[in-house]
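To keep things clear, I will list the structure first and then write my remarks on it.
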Amino acid sequence: MKQHEIAALFSEMADLLEYQGENLFRIRAYRRAAQNLESFSGDLDRVSAEDRLTELSGIGADLANKITEYLSTGTIAAVEAVRRRIPPGVLALLEVPGLGPKTAKLLTERLRIKTIDELEDAAKAHRLSRLPGFQAKKEENILKGIAIVKRGRERMHLGVAMPLANALMTCLEQTPAVTRISTAGSLRRMRETIGDLDLLVASSHPARVMEAFTHSPFSQRVLASGTTKSSILTPEGVQVDLRVVEPDSFGAALQYFTGSKEHNVRVRELAVRQGLKVNEYGVFRVKTNRRLAGREEADVYKTLGLPWIAPELREDQGELDAAKAGRLPQLVERNDVRGDFHIHTVWSDGSDTLEAMAKAGSARGYQYLAICDHSPSLKVAHGMPVARLRQQMAKIRAMNARTKGFRLLMGAEVDILSDGSMDYPDAVLAELDFVVGSIHTGFTQGEAALTRRLIAAMRNPYVTLIAHPTGRLMGQREPYPVDLEAVFKAARDTQTALEINAYPRRLDLCDTAAKRAREAGVMLAVSTDSHSLDQLDQMVFGLGVARRAWVEPAQLLNCLTLDRLLKWVARKRARSPST
DNA sequence: GCCGTTTTCGGCCCGACTGTTTTCAGTCG
């Protein structure tokens with residue numbers, strides 16, 4: 001994973017250079033190289049040894065040398081040199097919103113301010129107003145910015161952001177001046193966490209929309225307010241940016257406001273090479289300034305000779321090349337999903353009955369739900385002893401006998417014990433339709449042991465799916481250390497599926513890991529880990545991760561029909577256990 | 001610092017808002 005270390009160094013270098021007021025394009029080159037390295041999944045040592053580093057996008061002769069230098073010495077002299085020139089800690093100043101490199105440099109050089117605390121003291125003592133271009137208002141804004149940093153700019157997970165965005169949109173839709181409305185930004189791209197919420201409105205009366213927005217119950221404080229762009233802070237401390245454009249520009253504005261920034265830069269570069277200009281108002285021919293597109297987002301891409309690109313792909317991770325070559329994935333959609341795995345009920349720690357879950361699954365158009373309550377060692381979750389599991393199986397069999405067109409699968413979420421063995425004997429697992437293996441204990445065993453544990457479970461012929469493979473809970477628990485590449489290889493070799501857990505705090509595998517798993521030929525499954533009826537609808541969050549991982553229906557276990565799913569499970573069981 | 005179906009040098013995406021400016025720099029997305 002050397003590429004991540006190098007990416008971090010390049011990224012730091014970009015920040016340092018920015019602080020120094022270096023050439024912006026040089027800074028961007030470091031940022032771009034860092035981003036590309038971050039998503040590189042090959043063998044960096046080998047590419048370096050074969051002298052092919054410059055084949056990587058954004059890596060030229062200079063950065064290739066720096067990578068080689070790091071691979072052989074563990075440091076990059078140029079980064080060390082720049083570090084020595086800059087007072088330690090000042091980069092933290094850049095975290096204050098509204099405070100950029102120019103101001104940070106001014107503060108350090110003129111007032112010797114090196115930390116956010118020193119900055120706060122200086123602002124309170126009105127020492128900043130002695131600086132050129134500084135007056136009371138700027139001092140005030142810096143103090144507000146510090147307050148935001150200190151409160152902790154924690155990003156929301158999708159489970160918080162999505163309902164808030166929907167409530168805001170419902171509120172704004174009450175205004176007659178609003179003709180179209182959409183989410184944009186990282187929420188529309190379905191990133192796992194969201195910083196600020198971005199909303200876009202089409203209207204011919206922007207002032208009325210802005211009025212409604214800044215005076216709504218969601219607006220506790222107005223951060224910025226213009227005719228086309230305003231920002232508010234909600235009572236929960238969430239920043240919401242609203243952009244209003246004429247209906248003729250809605251598509252172009254949606255494209256622009258959805259981002260990512262890196263994707264947009266690429267799109268605009270592509271436009272320039274065709275004598276075109278893209279901004280939030282449309283696509284224009286540079287020479288004549290004639291507008292060629294703007295009302296619909298798809299027209300923006302079409303005018304540049306591209307098919308529409310799904311928002312989840314817009315991260316400058318090769319989607320533009322794929323689009324040009326006509327090789328965009330046919331991303332999985334909600335209607336492709338035929339069922340959900342990993343469902344809990346009152347039989348262990350869920351809050352709804354088998355009957356209620358079956359009804360809810362059927363109502364969502366599914367063919368099947370795998371009921372997977374906990375195994376006995378997970379006492380806190382009322383894990384079921386074998387006898388109780390068999391009672392549940394009998395009940396499910398009886399229910400299935402009475403229904404047509406929908407089936408509950410007899411499953412279990414079985415703990416993978418610390419030695420890699422399963423919490424039910426194989427003879428019991430063999431009675432089940434679907435077995436989910438999970439680690440819930442012993443997170444501190446270390447990477448080697450945890451990896452061995454997961455691989456041992458995958459070698460069990462009855463284990464169909466590994467749930468939440470890294471165990472992370474965003475904001476609560478870091479992922480446990482595990483060699484994912486080894487896990488992917490074992491998953492493919494043993495024909496075991498890996499879960500994209502759709503619970504918004506988990507989203508585990510995450511998008512980048514799921515993408516690597518897919519590239520490694522692993523079958524994935526999105527499951528909600530539902531403990532109540534409503535949570536079945538969290539499928540959409542897991543699908544967001546799958547789409548960000550370029551997953552097509554054929555790569556997702558729960559897009560199989562019931563018949564084909566059962567055959568898939570049986571095929572692994574028919575193979576003799578791997579060695 | 002990267003990159004090339006105009007180019008190996010001279011470009012590199014584009015615009016809104018704020019504060020303080022009287023024409024713009026800084027910051028943000």
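Throughout, protein chains are lettered first and strands after them, A, B, ... in sequence-line order, and every chain is numbered starting at 1. What you see below is based on every heavy atom in this structure, not just the backbone, and it leaves out hydrogens, waters and symmetry mates.
Nucleic acid contact class of A/Lys102 (heavy atoms, under 4.0 Å, all strands): sugar-phosphate only. As judged by a 4.0 angstrom heavy-atom cut-off over every strand, A/Asp62 is placed among residues touching the sugar-phosphate backbone only. If you check every strand for non-hydrogen atoms under 4.0 Å, A/Tyr30 touches sugar and phosphate atoms only. Across all strands shown, A/Asn141 has heavy atoms under 4.0 Å from sugar-phosphate atoms exclusively, and none from any base. Among the heavy atoms of the strands, none lies under 4.0 Å from A/Ser230. Using a 4.0 Å heavy-atom cutoff across all strands shown, A/Ser231 reaches no nucleic acid atom at all. Across all strands, A/Val278 comes closer than 4.0 Å only to sugar-phosphate atoms, never to a base (heavy-atom distances). Residue A/Lys105 is out of contact with every strand shown, counting any heavy-atom pair closer than 4.0 Å. Residue A/Arg28 is classed as a base contact, given a heavy-atom separation below 4.0 Å to a base. The residue A/Leu99 sits close only to the backbone: its heavy atoms come under 4.0 Å of sugar-phosphate atoms, none of a base.
The shortest distance between the side-chain N/O atoms of A/Gln239 and the OP1/OP2 oxygens of B/dC28 is not below 4.0 Å. One finds a side-chain N or O of A/Thr228 lying less than 4.0 angstrom from the OP1 or OP2 phosphate oxygen of B/dC17. Between A/Lys229 and the phosphate of B/dC28, there is no side-chain N or O to OP1/OP2 separation shorter than 4.0 Å. OP1 or OP2 of B/dG15 has at least one side-chain nitrogen or oxygen of A/Lys277 nearer than 4.0 Å. In terms of phosphate contacts, A/Tyr256 brings no side-chain nitrogen or oxygen within less than 4.0 Å of OP1 or OP2 of B/dC28. Distances shorter than 4.0 Å separate some side-chain N or O of A/Asn279 from OP1 or OP2 on B/dG15.
With DNA chain B read from its 5' end, the first of the two nearest nucleotides for A/Leu94 and A/Ala224 is the one closest to A/Ala224. Closest-nucleotide positions on DNA chain B for A/Gly100 and A/Phe134 were compared, and the one nearer the 5' end corresponds to A/Phe134.
A salt bridge links A/Asp316 to A/Arg266: at least one charged side-chain nitrogen sits closer than 4.0 Å to a carboxylate oxygen. Under the 4.0 Å criterion applied to side-chain N and carboxylate O atoms, A/Arg83 and A/Glu80 are assigned as salt-bridge partners. A salt bridge is defined here as a Lys NZ or Arg NE, NH1 or NH2 lying under 4.0 Å from an Asp or Glu carboxylate O, and A/Arg314 with A/Glu319 fails to meet this definition. For the pair A/Arg516 and A/Glu485, the salt-bridge criterion is met [side-chain N within less than 4.0 Å of a carboxylate O]. Using a 4.0 Å cut-off between charged nitrogen and carboxylate oxygen, A/Arg28 and A/Glu269 count as a salt-bridge pair. Classification of A/Asp15 and A/Arg31 as a salt-bridged pair holds, one side-chain N sitting under 4.0 Å from a carboxylate O. Contact check on A/Glu296 versus A/Arg180 returns a salt bridge, with a Lys/Arg side-chain nitrogen under 4.0 Å from an Asp/Glu carboxylate oxygen. Taking 4.0 Å as the cut-off between side-chain N and carboxylate O, A/Lys66 and A/Asp62 count as a salt-bridged pair.
When the P atom is used for both B/dG10 and B/dG15, the distance is 25 Å, rounded to whole Å. B/dC9 sits 37 Å from B/dA16 when the P atoms are compared, rounded to a whole Å. B/dG1 and B/dT6 are spaced 28 Å apart, taking the P atom of each and rounding to whole Å. For the C1' atoms, the distance from B/dC17 to B/dG11 is 28 Å, rounded to whole Å. The same atom, P, is picked in B/dT27 and in B/dT20; the two are 14 Å apart, to the nearest Å. Taking atom C1' on both nucleotides, B/dC13 is separated from B/dC2 by 16 Å, rounded to a whole Å.
Of the candidates B/dG29, B/dA16, B/dC2, the closest approach to any side-chain atom of A/Asp241 belongs to B/dG29. Nearest to the side-chain atoms of A/Lys138 among the listed nucleotides B/dC13, B/dC2, B/dG19 stands B/dG19. Picking from B/dC12, B/dC13, B/dT20 the nucleotide with the shortest atom distance to the side chain of A/Gln135 gives B/dT20.
Counting to the nearest Å, the P atom of B/dG29 and the CG atom of A/Leu200 are 17 Å from each other. With rounding to whole Å, A/Arg268 atom CZ is found 8 Å from B/dG15 atom C1'. Per the geometry, CD belonging to A/Glu269 stands 12 Å off C1' belonging to B/dC14, to the nearest Å. Look at CD1 on A/Ile27: it is 11 Å from P on B/dG1, rounded to the nearest Å. Regarding A/Leu53, its CG atom lies at a distance of 15 Å from the C1' atom of B/dC2, rounded to whole Å. The separation between A/Lys261 atom NZ and B/dA16 atom C1' is 13 Å, rounded to whole Å. Distance A/Asn289 CG to B/dC14 P: 12 Å, rounded to the nearest Å. Here B/dC13 presents its C1' atom at 14 Å from CD of A/Gln274, a figure rounded to the nearest Å.
One finds the CD1 atom of A/Ile6 at 8.5 Å from the OG atom of A/Ser48 (value rounded to the nearest 0.5 Å).
A donor-acceptor contact under 3.5 angstrom links the side chains of A/Tyr301 and A/Gln255, judged on distance only.
Remark: B/dG15 base-pairs with B/dC28. Criterion, Watson-Crick or G-U wobble with two distances under 3.5 Å.
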Between the protein and nucleotides 3-11 of chain B, list every N/O to N/O distance that falls short of 3.5 Å.
{"from": "B/dC3", "atom 1": "OP1", "to": "A/Gly58", "atom 2": "N", "distance (Å)": "3.0"}

